[in-house]
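See below for the structure under consideration.
Scope of the values below: all heavy atoms of this structure, side chains included, with no hydrogens, waters or symmetry mates. Residue numbers count from 1 along this sequence.
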Amino acid sequence: GMDALGISALVSIGGDGSLSIAQQMHEHGIPIVGVPKTIDNDLECTVMTFGFDSAVACATDALDRLHTTAESHNRVMVLEVMGRYAGWIALYAGVASGADVILMPEIPYDLEKIARHVTAREALGARFSIVVAAEGARPVGGTVSVLQAGSASAAERLGGIGERLATELAPLVAGKETRSVLLGHLQRGGTPTTFDRLLATRFGARAVELALAGQFGTMVALDPPDIVAVPLEKMVGRIRTVPLDSDVIRTARA
């Protein structure tokens, strides 16, 4: 088939789904190399995927803008960002923009604790608070917010955590105005950051080198300072969540 089409190699660019299919194609003898691209940054074996830095830049910009309106109207603003199972975007954007509360799938949240934090800030003279929540954040002992249940043809759609938080927080913060904003697909487009442009170019160049060398069934990965090749089978079907001992989490707590 491939020979008849005059194709000597395939490069599969994408997240876990695309790369799982690439691994299956490799098992069927198709010469293929993977390139990790997802804004969620949740792939094993690579320190970063391209798309992530640009998405974080977008979320950080949104949080900076919300800061203005939160401050002038003394509000609690909740920004819902992407991240079904991993809180990379929420954590990085939250730390970068100085959010007051960061909620992520890896650490179930306690609503009362959030309310106490908002109230304590108020007592110190900060009349507003900014909360950033990954779509997959869930309360202690509770479940994620599902917009649409999964089916044979589609994964379940998460969403609504921002709205839910804004509604549930209001009575706990002395009737303070709470508002939620859903960043949605804006995170997925626009002009890529310099970091992502460079990373994508380095990934692409390495992928072509691997194809020319006949090293198929591999994925290019960032292993600073190098771009390396890892077997596709090593990373397929495993989600890389934020490690709880991550220094970025320690920084956020501090």
Side-chain angles (χ1 to χ4, degrees), residues 15-17 19-20 36-60 62-63 76 78-118 120-121 129-146 155-156 158-162 164-165 168-169 172 180 183 187 195 199 219 221-225 228 230 234-254:
D16 184 55
L19 296 173
S20 297
K37 172 194 76 86
T38 164
I39 67 164
D40 291 324
N41 202 40
D42 59 358
L43 296 182
E44 283 284 353
C45 305
T46 182
V47 165
M48 218 163 263
T49 54
F50 77 92
F52 172 65
D53 191 65
S54 300
V56 168
C58 173
T60 304
L63 287 162
V76 178
V78 183
L79 180 72
E80 181 180 325
V81 298
M82 286 183 172
R84 290 167 65 84
Y85 309 110
W88 295 101
I89 294 176
L91 179 62
Y92 275 56
V95 171
S97 66
D100 305 301
V101 177
I102 299 170
L103 306 178
M104 44 202 276
E106 292 84 348
I107 306 171
Y109 66 84
D110 177 343
L111 200 64
E112 305 265 327
K113 215 165 156 184
I114 300 170
R116 282 202 300 275
H117 184 59
V118 170
R121 278 176 52 75
S129 288
I130 304 272
V131 179
V132 57
E135 61 188 325
R138 61 186 169 84
V140 176
T143 57
V144 293
S145 293
V146 177
E156 72 174 7
L158 300 189
I161 187 67
R164 177 170 147 189
L165 277 166
E168 292 176 356
L169 261 180
L172 302 180
S180 77
L183 196 51
Q187 290 160 94
F195 179 89
L199 183 62
M219 177 188 90
L222 176 62
D223 182 14
V228 299
V230 295
K234 261 186 81 174
M235 53 71 54
V236 163
R238 290 163 62 199
I239 286 173
R240 189 172 74 106
T241 53
V242 182
L244 295 181
D245 60 356
S246 152
D247 71 294
V248 188
I249 288 185
R250 285 206 308 278
T251 303
R253 290 195 196 282

For Arg164, all residues meeting salt bridge (charged side-chain N to carboxylate O under 4.0 Å, His left out), sequence neighbours excluded: Glu168

Shortest non-hydrogen contact from Gly87 toward Ala134: CA-CB, 4.5 Å

Phe50: partners by ring-ring contact (aromatic ring centres under 6.0 Å, His included), with sequence neighbours left out: none

Residue pairs, two or more places apart or on separate chains, that pass salt bridge (Lys or Arg N to Asp or Glu O under 4.0 Å) and touch residues 40-57: Glu44-Arg238

Heavy-atom donor-acceptor pair, Trp88 side chain to Met48 backbone, under 3.5 Å: no

Salt bridge (Lys or Arg N to Asp or Glu O under 4.0 Å) pairs, two or more places apart, involving residues 91-115: Asp100-Arg121

Minimum side-chain heavy-atom gap Glu80-Ser180 below 4.5 Å: no

Side-chain donor or acceptor of Glu135 paired with backbone N/O of Val81 under 3.5 Å: no

Non-hydrogen atoms of Val47 and Pro224 that approach each other most closely: CG2-CD, 3.5 Å

Pairs touching residues 244-254 that satisfy salt bridge (Lys or Arg N to Asp or Glu O under 4.0 Å), sequence neighbours left out: none

Contacts of type side chain to side chain contact (heavy atoms under 4.5 Å, CB included), residue Ala133, not counting sequence neighbours: Leu103, Ile161, Leu165

Residue pair Leu244, Ile107: steps toward the side chain to side chain contact (heavy atoms under 4.5 Å, CB included) verdict: CA-CA 8 Å; Leu244 295 181; Ile107 306 171; 3.8 Å; yes

Derivation of the side chain to side chain contact (heavy atoms under 4.5 Å, CB included) call for Leu183 and Leu79: CA-CA 7 Å; Leu183 196 51; Leu79 180 72; 4.1 Å; yes

Residue pair Met104 / Ile249: nearest heavy atoms and the distance that separates them: CE-CD1, 4.0 Å

Phe52 CZ to Thr46 OG1 distance, which is reported to the nearest 0.5 Å: 11.5 Å

